[in-house]
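Proteins get letters first, then strands, A, B, ... in listed order; numbering begins at 1 in each. Please read these numbers as outputs of a predicted model, since none were measured by experiment.
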Number of protein chains: 2
Amino acid sequence: MASAAAQMDVRPVMRIVPRGGLCDQCEVRGTAACAVLDDHDLSRLEAIATHKEYEAGQTVFDEGDDPRHMFNVTSGMIRLFKLLPNGRRQIVGFVFPGDMLGLATHGTYTCSAEAIGSVTVCRFPREKLIVLLDEFPHLQGRLLDMAADELKQAQDQMLLLGRKSPMEKVASFLLRLRGEHDQCNENGDRLDLAMGRGDIADYLGLTIETVSRTFTKLRNENVIALEGAHHVIITDEDALEDLADAMGD
Amino acid sequence: MASAAAQMDVRPVMRIVPRGGLCDQCEVRGTAACAVLDDHDLSRLEAIATHKEYEAGQTVFDEGDDPRHMFNVTSGMIRLFKLLPNGRRQIVGFVFPGDMLGLATHGTYTCSAEAIGSVTVCRFPREKLIVLLDEFPHLQGRLLDMAADELKQAQDQMLLLGRKSPMEKVASFLLRLRGEHDQCNENGDRLDLAMGRGDIADYLGLTIETVSRTFTKLRNENVIALEGAHHVIITDEDALEDLADAMGD
DNA sequence: CGCTCATTTGACGCATGTCAACGCGCGTGG
DNA sequence: CCACGCGCGTTGACATGCGTCAAATGAGCG
């Protein structure tokens, strides 16, 4: 069944060389960084890849660690965060299935990474990958583009953290999730939040209580509906977009 | 082979080919991205560079613009910022002399850039630069490293914006400036702030008034001394570092 | 020397953090 | 299958830190 997908216009899934590889069956084959590779390159990449699983809450790496690996998340989600001495935490990003992790790392890991739920990754030893990079110049360009995208997201997040109200933060967060959701899950306007309220709070620079109150307010104003704490249905998208960066006030 | 400058371990300033070039006299020759280039590469780079000046407050480019150029700031400082519809502003970074600007740009510029004071830049047409990039693979690697550094800074800033108190923000800001200051100016522990209180406020996610009050507080506690609003002398560095991320509450 | 704009200082109120109690869902074990 | 307990989420009461508004002071520049 992996074969019949060739009619998609955007990114034709090419046949892989017949070596019983895993990449061709990979669920994120079409979206991950590997998507720019042709079969031959991919087989080279696959040769150095190993797979690993993490369970909920498990540490993938810590800030300051020597970056031995680069990761491609094949299922589940990861939170990236930094800690202050007294325990305060700032989540600097969530990693979705298909996203690369640790590619733009110069020196040591700049933040810690934990599995939110169960996570499976495809792992590349950094040294070997760097050797391959010299062989695939277009892959290096792709990495630069991906770093640029991360930087853009980081800038958006700085705007959010520094200048948005709690309501604007939560609304922006939901809309951004809906954007990702195309590429990773579900249908309709139903979002499933893998992360808990604490993660959301630490991502948006708020407290758990404020996040919870804001969700409640959105529900009471019929902008969203909640099916349990981890499922959100956007019922009034226009209103949500207005709330995400309110003109007036 | 180009020169006998090999005795310096870090970054030998090599003689440039005799073409009356400008790069060899460039004040940021030793620190800018160009520092990894040897004479031959540099002369190629120089061939596509043009110079430009901006006066205080002038726009270098706007968010959303097509990224025609990459910049190397040779003197003065630039603020990078994003705006919200109602006029709120978040400064996402300051560009120091020697820093590159617009290198990790994928698509359009992700933020706007304005000269803080008088600024001179070295400007490279993007298209031509991309062609050169294919010829200098080590330059591309360098760009990726620089993007990684920017990303690290962005993550630090997210931590600051989301989880630090005004006092911690201002203290962190001063310490970070002191870090940069090695590479750009002055001596002793005297910092000169090119930017005004409004810029600092919009960088730290505060109001002008809170920034001003925090400076005053630092002065009253003899942690810093102020010589006019734009000159800060760090008189108690240890205290400042303690304030930058206070352990206990 | 005086104007103008940036910065500082003050007074005040509100939004959001803090502390605390409650409820709910889920997994576990009886 | 039900009872229990634990962790997460919600809701409430309260306090305060920071933003808002306003006025005074000071610095830079013509």
- Message: Under 4.0 Å from OP1 or OP2 of dT7(C): is there any side-chain N or O of His230(B) that close?
- Response: yes

- Task: Confirm from the modelled atom types if Arg213(B) and dG19(D) form a donor-acceptor pair under 3.5 Å, side chain to base only.
- Result: no

- What is the distance from CD1 of Ile208(B) to P of dC5(C), rounded to the nearest Å? 14 Å

- Minimal non-hydrogen separation, Asp66(B) against Tyr109(B), with atom names: O-CE1, 3.7 Å

- Query: How is Gly196(A) classified with respect to the nucleic acid when contacts are heavy atoms under 4.0 Å: base, sugar-phosphate, or nothing?
  - Reply: sugar-phosphate

- Message: Rounded to whole Å, how long is the line connecting atom CG of Leu206(A) with atom P of dT18(C)?
- Response: 11 Å

- Query: Regarding Arg190(B) and His231(B), is there a side-chain donor-to-acceptor distance under 3.5 Å anywhere?
  - Reply: yes

- Message: Quick check on DNA chain D: between Ala229(A) and Arg163(A), whose nearest nucleotide comes earlier from the 5' end?
- Response: Ala229(A)

- Contact under 4.0 Å: Ser212(B) side-chain N or O vs dT9(C) OP1/OP2: no

- Task: May I have the distance from Lys169(B) (atom NZ) to dC18(D) (atom P), rounded to whole angstrom?
- Result: 9 Å

- Nucleotide dG19(D), atom P - distance to NZ of Lys164(A) in whole Å: 18 Å

- Query: Are any of the side-chain nitrogens in Lys169(A) or Asp245(A) under 4.0 Å away from the carboxylate oxygens of its partner?
  - Reply: no

- Among dT16(C), dG19(D), dT7(C), the one nearest Thr210(A) by side-chain distance: dT16(C)

- Query: dC5(C) phosphate, OP1 or OP2: any side-chain N/O from Arg197(B) under 4.0 angstrom?
  - Reply: no

- Query: Given dT18(C), is OP1 or OP2 found less than 4.0 Å from the side-chain N or O atoms of Thr207(A)?
  - Reply: no

- Find the distance Asp202(A):CG to dG17(C):P and express it as a whole number of Å. 11 Å

- Query: Given atom CG of Leu193(A) and atom P of dG9(D), what is their separation to the nearest angstrom?
  - Reply: 10 Å

- Task: Please assess Arg163(A) against Glu168(A) for the test salt bridge (Lys or Arg N to Asp or Glu O under 4.0 Å), listing each intermediate value before the final yes or no.
- Result: CA-CA 9 Å; Arg163(A) 289 296 178 225; Glu168(A) 292 170 309; over 6 Å; no

- Item | Residue Glu209(B), side-chain atoms from C-beta onward, closest of dG9(D), dT11(D), dC21(D) | dC21(D)

- Which of the following nucleotides, dT20(D), dT7(C), dC18(D), is nearest to the side chain of Ser165(B)? dC18(D)

- Note on the structure: In whole angstroms, the gap separating C1' of dT11(D) from CZ of Phe215(A) amounts to 16 Å

- Message: Donor-acceptor check, side chain of His69(A) to backbone of Pro125(A), threshold 3.5 angstrom: yes or no?
- Response: no

- Met195(B) atom CE is separated from dA6(C) atom P, nearest whole Å, by 16 Å

